[in-house]
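Data first, discussion second: the structure below is written as structure tokens.
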Amino acid sequence: MTGTAADVARIAAAEIGYHEGKSGGHWNNKQKYSAAVPGLEWSDRQAWCCTFTSWSFQQAGLPKGSYPVTASCATATNWWKQQGRWSDYPAVGAQVMFGPGGGSHTGLVVSYDATTITTIEGNTNVSGSAEGDGVYRKTRQRRDTYVYGYGYPDYPGGIKSADPEWKNPSSTTEEDPMAGISKQDIFNAVWKTDAIAGPADAADHKTNPNWQPQSILKDVQVRVRALTISQAAQTAAIKTLAGLVGKSVDTKTVVAAVTAAIEAAVIDVNINTTPEA
């Protein structure tokens with residue numbers, strides 16, 4: 001069992017039709033649930049509606065502390081309130097409490113709509129008595145004054161509730177993806193263990209075919225620098241040629257001027273973009 005509301009409903013529904021014992025022709029509250037719930041063995045032959053809900057939660061696999069273990073409806077009601085898991089609205093898998101202060105009777109909500117709740121209750125009967133003879137499925141009016149309120153078990157996946165203010169926890173607990181990872185781990189992963197195939201035209205491809213990130217960054221730097229030099233040389237040549245337009249100069253002079261401008265531009269780029277070793 002995974003301890004969900006569906007598990008509780010399935011466990012409880014399988015008990016429908018079960019009856020307590022008889023003695024002298026009368027129902028006697030002798031039933032199987034008290035003996036099966038640690039701590040409630042004493043409650044056999046007592047009113048057992050609340051024992052039945054505790055048993056159902058236990059059988060469904062809900063963790064201890066997520067529901068009250070008691071044979072007393074009043075104690076269960078107080079427990080839900082103290083835990084901050086009390087509502088005036090029904091929820092699937094909730095424990096519904098009946099009567100003044102919630103101390104008269106109880107059952108498990110398996111469904112609800114705008115006007116009714118469908119429950120599975122122990123120690124009731126066809127008429128819905130709080131002192132009955134067995135386990136029954138009942139349909140009751142949500143707004144009946146007999147309905148006192150509802151306790152919400154702490155189901156792992158939350159609970160389907162009619163309460164507009166009820167906030168379920170996240171369906172899954174989000175784990176910190178960086179938990180247990182040190183700064184050194186991150187450094188090693190980025191700078192030492194990550195590797196990709198280097199480009200075939202890289203100058204050091206034969207000696208360094210698989211690149212770490214620093215190799216990639218250095219290659220990018222070299223390529224950007226080469227592109228910058230090329231653009232600077234082209235720009236210098238164009239400007240020099242434009243400056244000679246209309247002037248009476250021979251081809252040798254033009255070539256010399258353009259060459260000098262390109263060399264100056266390249267030197268300037270080299271000075272300002274020298275890559276680190």
Side-chain angles (χ1 to χ4, degrees), residues 1-21 27 29-73 75-77 79-80 83 85-87 89-98 102 104-113 116-126 128-140 147 149-162 166 168-169 171:
M1 292 295 176
T2 57
T4 66
D7 292 328
V8 171
R10 184 165 53 253
I11 290 293
E15 298 301 302
I16 295 173
Y18 173 83
H19 290 282
E20 63 187 46
W27 301 110
N29 282 328
K30 175 68 178 175
Q31 34 70 35
K32 63 181 181 179
Y33 306 110
S34 294
V37 180
L40 297 186
E41 296 87 350
W42 63 269
S43 66
D44 194 18
R45 295 183 180 273
Q46 307 294 318
W48 52 277
C49 57
C50 203
T51 300
F52 173 71
T53 61
S54 294
W55 177 88
S56 297
F57 290 140
Q58 172 187 281
Q59 294 300 110
L62 270 70
K64 293 181 179 179
S66 63
Y67 61 93
V69 178
T70 178
S72 166
C73 292
T75 299
T77 298
W79 189 92
W80 290 120
Q83 297 298 312
R85 305 194 64 82
W86 180 258
S87 177
Y89 293 84
V92 175
Q95 182 176 6
V96 57
M97 313 306 299
F98 298 108
S104 299
H105 183 55
T106 189
L108 296 166
V109 178
V110 294
S111 67
Y112 64 86
D113 58 27
T116 65
I117 54 172
T118 299
T119 62
I120 297 176
E121 304 168 20
N123 196 30
T124 190
N125 55 23
V126 174
S129 169
E131 187 56 68
D133 55 68
V135 180
Y136 292 77
R137 184 188 302 272
K138 309 299 297 180
T139 298
R140 298 179 182 270
V147 178
Y150 306 85
Y152 289 5
D154 189 11
Y155 292 114
I159 192 168
K160 178 186 175 183
S161 170
W166 183 260
N168 278 317
S171 57

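Heavy-atom basis, side chains included; hydrogens, waters and symmetry copies ignored.
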Validation row: Leu108, Val8 side chains within 4.5 angstrom (heavy atoms):
yes
Kindly indicate whether the side chain of Val92, heavy atoms from C-beta on, has any atom under 4.5 Å from the side chain of Ile159.
no
Note: Pro153 and Arg85 closest approach over all heavy atoms is O-NH2, 3.0 Å
Any side-chain heavy atom of Asn29 within less than 4.5 Å of one from Glu131?
yes
Is any side-chain heavy atom of Thr116 closer than 4.5 Å to a side-chain heavy atom of Arg140?
no
Sequence neighbours left out, what passes side chain to side chain donor-acceptor pair (under 3.5 Å) with Ser34? Give chain and number order.
Gln31, Ser43
May I ask you to check whether Thr118 and Tyr112 show a side-chain donor-acceptor distance below 3.5 Å?
no
Looking at residues at least two apart in the chain, or sitting in another chain, which of them share a side chain to side chain donor-acceptor pair (under 3.5 Å) with Thr77?
none
Partner set under ring-ring contact (aromatic ring centres under 6.0 Å, His included) for Trp48, not counting sequence neighbours:
Tyr33
With side chains defined as the heavy atoms from C-beta onward, is the minimum distance between Val126 and Tyr136 less than 4.5 Å?
yes
Report the residue from Trp79, Tyr67, Trp166 that forms a ring pair (Phe, Tyr, Trp, His ring centres under 6.0 Å) with Tyr152.
Trp166
With sequence neighbours left out, write down each residue that passes ring-ring contact (aromatic ring centres under 6.0 Å, His included) with Tyr89, or none if nothing qualifies.
none
Take a 6.0 Å sphere around NZ of Lys138 and say whether it holds more than 12 heavy atoms from other residues, nucleotides or ligands.
yes
Can you give me the closest heavy-atom contact between Gly107 and Glu121, atom names plus distance?
CA-CG, 3.8 Å
Could you grab the distance from atom CZ of Arg137 to atom CD1 of Ile16, nearest 0.5 Å is fine?
4.0 Å
Please find the pair of heavy atoms, one from Thr119 and one from Ile117, that lie closest to each other, and give the distance.
CG2-CD1, 3.9 Å
Can you name the nearest heavy-atom pair linking Gly93 to Ala5, along with the distance?
CA-CB, 3.9 Å
Set of salt bridge (Lys or Arg N to Asp or Glu O under 4.0 Å) partners for Asp44, sequence neighbours left out
Lys30
Output, in order, the C-alpha distance, side-chain angles, deciding distance and verdict of side-chain contact (heavy atoms from CB on, under 4.5 Å) for Phe52 and Thr106.
CA-CA 9 Å; Phe52 173 71; Thr106 189; over 6 Å; no
Over all heavy atoms of both residues, which pair between Tyr150 and Val96 is shortest? Give the atoms and the distance, please.
CE2-CG2, 3.5 Å
Tell me whether the rings of Phe57 and Tyr155 are parallel (<30°), tilted (30 to 60°) or perpendicular (>60°).
perpendicular
Pairwise side-chain contact, Ser129 with His105, heavy-atom cut-off 4.5 Å (strictly under):
no
Ignoring hydrogens and geometry, is there a side-chain-to-backbone donor-acceptor pair from Thr53 to Cys50 under 3.5 Å?
yes
Do you know the tightest heavy-atom contact between Ala76 and Gln95?
CB-NE2, 4.2 Å
The salt bridge (Lys or Arg N to Asp or Glu O under 4.0 Å) partners of Glu15 (sequence neighbours excluded) come to Lys32
Check whether any side-chain heavy atom of Cys49 sits under 4.5 Å from a side-chain heavy atom of Thr124, and report yes or no.
no
When rounded to the nearest 0.5 angstrom, what distance separates CG in Asp133 from CG in Asn123?
8.0 Å
